[in-house]
There are 2 protein chains.
Amino acid sequence: MTDDRTTQSRRPTIYDVAARAGVSKSLVSLVLQRSPRVSEPRRTAVLAAITELGYRPSEAATALAGARTRTVELLIDTYRNLSFVGLVEGIRRELDERDFRLTVTEMHQPGTAGPATWSTAVDGRILAGEPTAGLLAGWAACPIVVAGHRLSVPAGSDVVASDDRAGARAVTEHLLGLGHTTIAHLTGSGGAAQLRREGYEQAVHAAGLPASVAGRRSGTAEQDGYDAAHRILTRRSETTAIVAANDLMALGALAAARDLRRAVPADLSVFGYDDSPLARSRYLSLSSVDDRSTEVGARAARVLLARMDDPDAAVATPAVLPVLVPRGTSGRPGRPPVPAAE
Amino acid sequence: MTDDRTTQSRRPTIYDVAARAGVSKSLVSLVLQRSPRVSEPRRTAVLAAITELGYRPSEAATALAGARTRTVELLIDTYRNLSFVGLVEGIRRELDERDFRLTVTEMHQPGTAGPATWSTAVDGRILAGEPTAGLLAGWAACPIVVAGHRLSVPAGSDVVASDDRAGARAVTEHLLGLGHTTIAHLTGSGGAAQLRREGYEQAVHAAGLPASVAGRRSGTAEQDGYDAAHRILTRRSETTAIVAANDLMALGALAAARDLRRAVPADLSVFGYDDSPLARSRYLSLSSVDDRSTEVGARAARVLLARMDDPDAAVATPAVLPVLVPRGTSGRPGRPPVPAAE
DNA sequence: CTGTTAGCGCATTCAC
DNA sequence: GTGAATGCGCTAACAG
């Protein structure tokens, strides 16, 4: 009586399914795992029992027994950094096909939060954001791929990244091509900013022009962009174009330009980077560089899955090439804007 | 030999800790749970063993044995809706104290994705976004609280929400107080939009003015805001103020105003809603209504925790009162702007 | 080949 | 403070 499994008060277990289908629980397990070593009639019987009972395997038990959770964890710095949204979509696309779950975790203060605070029950991780020292160390437990930063990544790690250097170079060359001869760059601390700065410097130097960089020691928020742009526009008023390390900083540059009575794009061209939803906004129509984070996410997921299947697999991870997206905030120097793409 | 637990190739388990500390596994478990029924010397011994071995309990085993995961799941529509960021921070604040983990899950197509697709191994859920029919039904398995929407919520559910009606009423009254007499509203489909529309209507009607609402049948994205605002500014050109259902739509209104050569805020005041990072941006300086999502999140978490402790507890959930945040896009009609708050 | 039996994984909890 | 049972699914080893 107490043992009557038909009183459906509890969640049905694999035992209930087995009893209902008249087979052993092992067979149910085999069906669940789509094993080919199950005869058709039994399989149907088991599947029928599963639907009838509304059975779903306990994740806890599955994880404990199989040591696999079919879950991938995405580690990000903060939800405020919109940049992870594209990443998520790309990752999701790959994971869904293979029936993996995705969970997103914020690492509060980067550096402070070590592996100890992470969840343990995942099969693999994708790390977006700066892999600060000691973050990857001591964490060999499950495969991990770094998405988005080629800098400061421990040797041996898988890395999938957008080619920030190439993107920054391309946007600078684009502005040079439009006729700009005094192009400034707003940078910030951090790996992505550094690569973009290098790309900018390569391009201006190749054109025989001096580099003009501001913000090397500050952050990458809107206010940092404002401060850096304000300084540049004040000290080097001949500047006709600004390349920012990201869209937020570009927004700050727009604010500085407005305060200093510089019309955009007539007097000043402004380029952001990331092609965030912000840049795509109709009102802002911010010229930007699409770092193709969706593609980065998708590739990162594929690499991770491959690494999970075979820890020693040789996985190629060519850099993803960014795409220029000129919009309403850029154009020829001293001229009306190039028609917006939209 | 094979059984030699000192060869630390595997992750240490509670058995290893027990052996090292010279106690039973049960005692280790008790220490882990901070049980007061453990003598001080033993406790220190166990804790020492734990650190020495670098032991961390297996989440899978904990979940299986205890039927508790110490994890709360936040269900959102999409990461693109920045509104969840504040929510997360509030929830986190409460959860951290009680040592709960938070996981954020996107419900792809709302309505399509039912409970079956959700993860099962959580102790409680917070649902942000429209609780579409059938989403809550059939999901009595774990406590759930709805955060943010008082509309279309099944009776009996816990709800923590910002008082959207009051917020919209307040902003409309604020504009009336500044001297505006033709105030329009941009709305959209969906529960939050409906409540905000009602608040707006209450305020204008109380002032003896007619309501002027656009966008009732469209979405709540920037483009929807643009379309609705464009229509209103064209058909009722005497309009001097616009209250949008959210910040994104307000952005669309700004674009429409620019296209129609209406200076903001001199010719037209624009108010958003949500006080998203967008609104706080220095460049945009968008007047908005702070729905205090962090507070909503914190309260939702508290309610959930209470509900988890005691399923029958009577939990009071008074509405959270929004706060007006006038910035650079609003002011007296036909006058220079009120100085920005910043 | 197809299917079953037996034992495992790891922490919790309740009698003793 | 301890032993033993428990939760649920996986996976060899084995049998028909």
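So you know, we letter chains A, B, ... as the sequences are listed, proteins then strands, and number each from 1. Just so you know, these numbers use all the heavy atoms, side chains as well, and skip hydrogens, waters and symmetry mates.
We find that CG of L53(A) is positioned 12 Å from P of dG9(D), with the value rounded to whole Å. In this structure, CD of E59(A) is placed 15 Å from C1' of dG7(D), rounded to the nearest angstrom. Following rounding to the nearest Å, L30(A) (CG) and dA13(D) (C1') show an atom-to-atom distance of 14 Å. Between the CZ atom of R70(A) and the C1' atom of dC10(D) there is a distance of 14 Å, given to the nearest Å. One atom, CZ of R43(A), and another, C1' of dT2(C), lie 12 Å apart when rounded to the nearest Å. When rounded to the nearest whole Å, the span between CZ of R56(B) and P of dG9(C) equals 20 Å. Atom pair Y15(B):OH and dG3(D):C1' shows a separation of 11 Å (rounding to whole Å applied).
Side-chain atoms of K25(B) and base atoms of dG9(C) include no donor and acceptor less than 3.5 Å apart. At a cut-off of 3.5 angstrom, counting only N and O atoms as typed in the model, there is no donor on one side facing an acceptor on the other between the side-chain of T62(B) and the base of dT12(C).
In this structure, the nucleotide among dT5(C), dG3(D), dA11(C) sitting nearest to the side chain of S24(A) is dT5(C). Taking only side-chain atoms of L27(A), from C-beta outward, the nucleotide of dG9(D), dT4(C), dT11(D) with the closest atom is dT4(C). Residue T13(A) has its side chain nearest to dC8(D) when only dC8(D), dA11(C), dA4(D) are considered. Checking dG9(C), dT2(D), dG9(D) against every side-chain atom of L64(A), the shortest atom distance belongs to dG9(C). Minimum atom distance to the side chain of L32(B) is reached by dT12(C), of the listed dT12(C), dT2(C), dT13(C). Set against dG9(D), dG3(D), dT4(C), the side chain of S26(B) has dG3(D) as its closest nucleotide.
The residue among R37(A) and R37(B) whose nearest nucleotide of DNA chain D lies closer to the 5′ end is R37(B).
Note: Y79(A) and F84(B) have perpendicular aromatic rings, judged against thresholds of 30 and 60 degrees for the angle between ring planes.
Note on Q33(B): every side-chain N or O is 4.0 Å or more away from OP1 and OP2 of dA11(C). For R42(A), a side-chain nitrogen or oxygen approaches OP1 or OP2 of dG3(C) to under 4.0 Å. Between R11(B) and dA11(C) there is no side-chain N or O to OP1 or OP2 distance below 4.0 Å.
Salt bridge status for R93(A) with E89(A): absent, with no side-chain N to carboxylate O gap under 4.0 Å. Under the 4.0 Å criterion applied to side-chain N and carboxylate O atoms, E97(B) and R302(B) are not assigned as salt-bridge partners.
Residue S29(A) is classed as a base contact, given a heavy-atom separation below 4.0 Å to a base. Looking at heavy-atom distances under 4.0 Å, V38(B) makes contact with sugar-phosphate atoms alone, never a base.
Using a 4.5 Å heavy-atom cutoff, the side chains of F100(A) and D123(A) are in contact.
The only option from L304(A), D158(A), V72(A), V303(A) that meets the side chain to side chain contact (heavy atoms under 4.5 Å, CB included) definition with P143(A) turns out to be L304(A).
Here the side chain of D163(B) pairs no donor or acceptor atom with the backbone of A319(B) at under 3.5 angstrom.
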